[in-house]
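Worksheet for the structure shown next.
In listed order, ligands and their atoms are each counted from 1. Being a predicted model, the structure only gives us computed values, none of them experimental.
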Amino acid sequence: MTTGERIIERPFPPAAIAGSSSSLLPVHVGIIMDGNGRWAKSRHRPRLFGHRAGVRAIRPVLDAFHARGVHILTLYAFSTENWRRPDDEVRGLMRLLGETIDRETDELHANGIQIRAIGDRGRLGGKLQEKIRMAEEKTRENGGAILNVAINYGSRHEIVEAFQDAVRDGTDPLDLTEDVLASHLYTKGLPDPDLIIRTGGEYRLSNFLLWQAAYAELFVTPTLWPDFGAQDIDAALEFFAGRERRFGTTSDQVAATGKKHRA
Ligand code: IPE
Ligand code: IPE
Ligand code: MG
């Protein structure tokens, strides 16, 4: 087990949850940041121009969620399937990830944000792995909020690895339970996402948090990721507040608890 994985095992800071006092507000939001390529194309610019604009969009989004009381965000930055893209785009994205960690870590740290990464790090370049490890190490004691970045992340791979990891740890495959499997996922220690937002208009999960999002509310906006901002966040949170989360029960049962968002 790598050092990075050990960090993820730690429980999320209580402050990150305590900050969300209303059950009408999601505790954990996952975002599929899609549409950078189309954003660039509409400007007759190369795809990497869109990815750079996409990176610039992140900070204001973090600040806006934080200001609204949402303190755990998981951002889908690079999927296990994104290696299929043209070599120059993949190389550019990897470079951009490294540069972004270099540029942003100190300020995120100063703001009390804990940085985590989920995904299969083994396939990333050594330097990028080291940058991720350092960012996690530096910010691991921070309790203000959690920024969880999915890099070379794919849910199917995560679930298979979790199963293998559990068996290696001595679990008899026939004794495997949901809780045991969940405790071997990259997201162990984090609450499941309550809300998944996808920009760029596609109604699909693209291998993102398939297990963890079992009961997440889904919000899709046509806004392309570089244009995503406060208005879209308000729309997503308003949508979430209007949902009745039943978790398999009935509306009457939910009404009897007196809470629209019973977990
Ligand atoms: C999402 O934007 C960013 C990554 C997948 C890295 P895209 O690059 O997929 O943008 P579109 O979907 O082509 O517009
Ligand atoms: C999902 O976007 C992955 C990320 C946002 C990192 P994609 O652009 O890769 O998704 P598909 O291929 O359209 O499903
Ligand atoms: Mg896309």
Is NZ or CZ of Arg43 both nearer than 6.0 Å to the six-membered ring centre of Trp39 and within 45° of the ring axis? yes
Is there at least one pair of N or O atoms, one from Asn36 and one from ligand 1, spaced under 3.5 Å apart? yes
For atom CZ of Arg156, is the number of surrounding heavy atoms from other residues, nucleotides or ligands below 6.0 Å larger than 12? no
Any nitrogen or oxygen of Ala77, side chain or backbone, less than 3.5 Å from one on ligand 1? no
Would you check whether Lys41 reaches within less than 4.0 Å of ligand 1, judged by its heavy atoms? no
If you measure every N/O of Arg204 against every N/O of ligand 2, is any gap under 3.5 Å? yes
Using heavy atoms and a 4.0 Å limit, tell me yes or no: is Gly35 in contact with ligand 1? yes
Report, in ascending order of atom number, the atoms of ligand 1 lying under 4.0 Å from any heavy atom of Arg38. 11 (P), 12 (O), 14 (O)
Determine, for Arg140 against Glu136, whether the closest basic-nitrogen to carboxylate-oxygen distance falls under 4.0 angstrom. no
Is it true that the NZ or CZ of Arg245 lies under 6.0 Å from the centre of Phe247's six-membered ring and within 45 degrees of the ring axis? no
Heavy-atom check, side chain of Asn207 versus side chain of Tyr153, under 4.5 Å: no
Is ligand 1 less than 4.0 angstrom away from at least one heavy atom of Glu202? no
Residue and atom name of the nearest protein heavy atom (relative to atom 9 (O) of ligand 2), distance in Å to one decimal: Asn82 ND2, 2.9 Å
Which one holds for Phe208 and ligand 2: side chain close, backbone close, both close, or neither close, with close meaning a heavy atom under 4.0 Å? neither
For atom 7 (P) of ligand 1, what's the nearest protein heavy atom and its distance? Asp34 OD1, 3.5 Å
Quick test: of every protein heavy atom, which one is nearest to atom 10 (O) of ligand 1, and how far off is it to 0.1 Å? Gly37 N, 2.9 Å
Ligand 2 to Arg198 polar contact by distance, N or O atoms, under 3.5 Å: yes
Lys131 and side chain to side chain contact (heavy atoms under 4.5 Å, CB included): which single residue from Leu124, Asp102, Thr100 fits? Asp102
Nearest-contact summary for atom 5 (C) of ligand 1 - protein heavy atom, Å: Arg85 NH2, 3.3 Å
Specify which N/O/S atom of Asp34 comes nearest to the Mg ion (ligand 3), by atom name. OD1
Strictly below 4.0 Å, N to O, side chains only: are Glu202 and Arg38 in salt-bridge contact? yes
What is the ring orientation for Phe219 with Phe239, classed by angle as parallel under 30°, tilted 30 to 60°, or perpendicular over 60°? tilted
Do me a favour and list the nearest non-hydrogen protein atom to atom 1 (C) of ligand 1 with residue, atom name and distance? Met33 O, 3.0 Å
So, Glu81 and Arg84, do they make that salt bridge, N to O below 4.0 Å? no
Tell me which protein heavy atom sits closest to atom 13 (O) of ligand 1, plus the residue, atom name and distance to 0.1 Å. Arg47 NH2, 2.9 Å
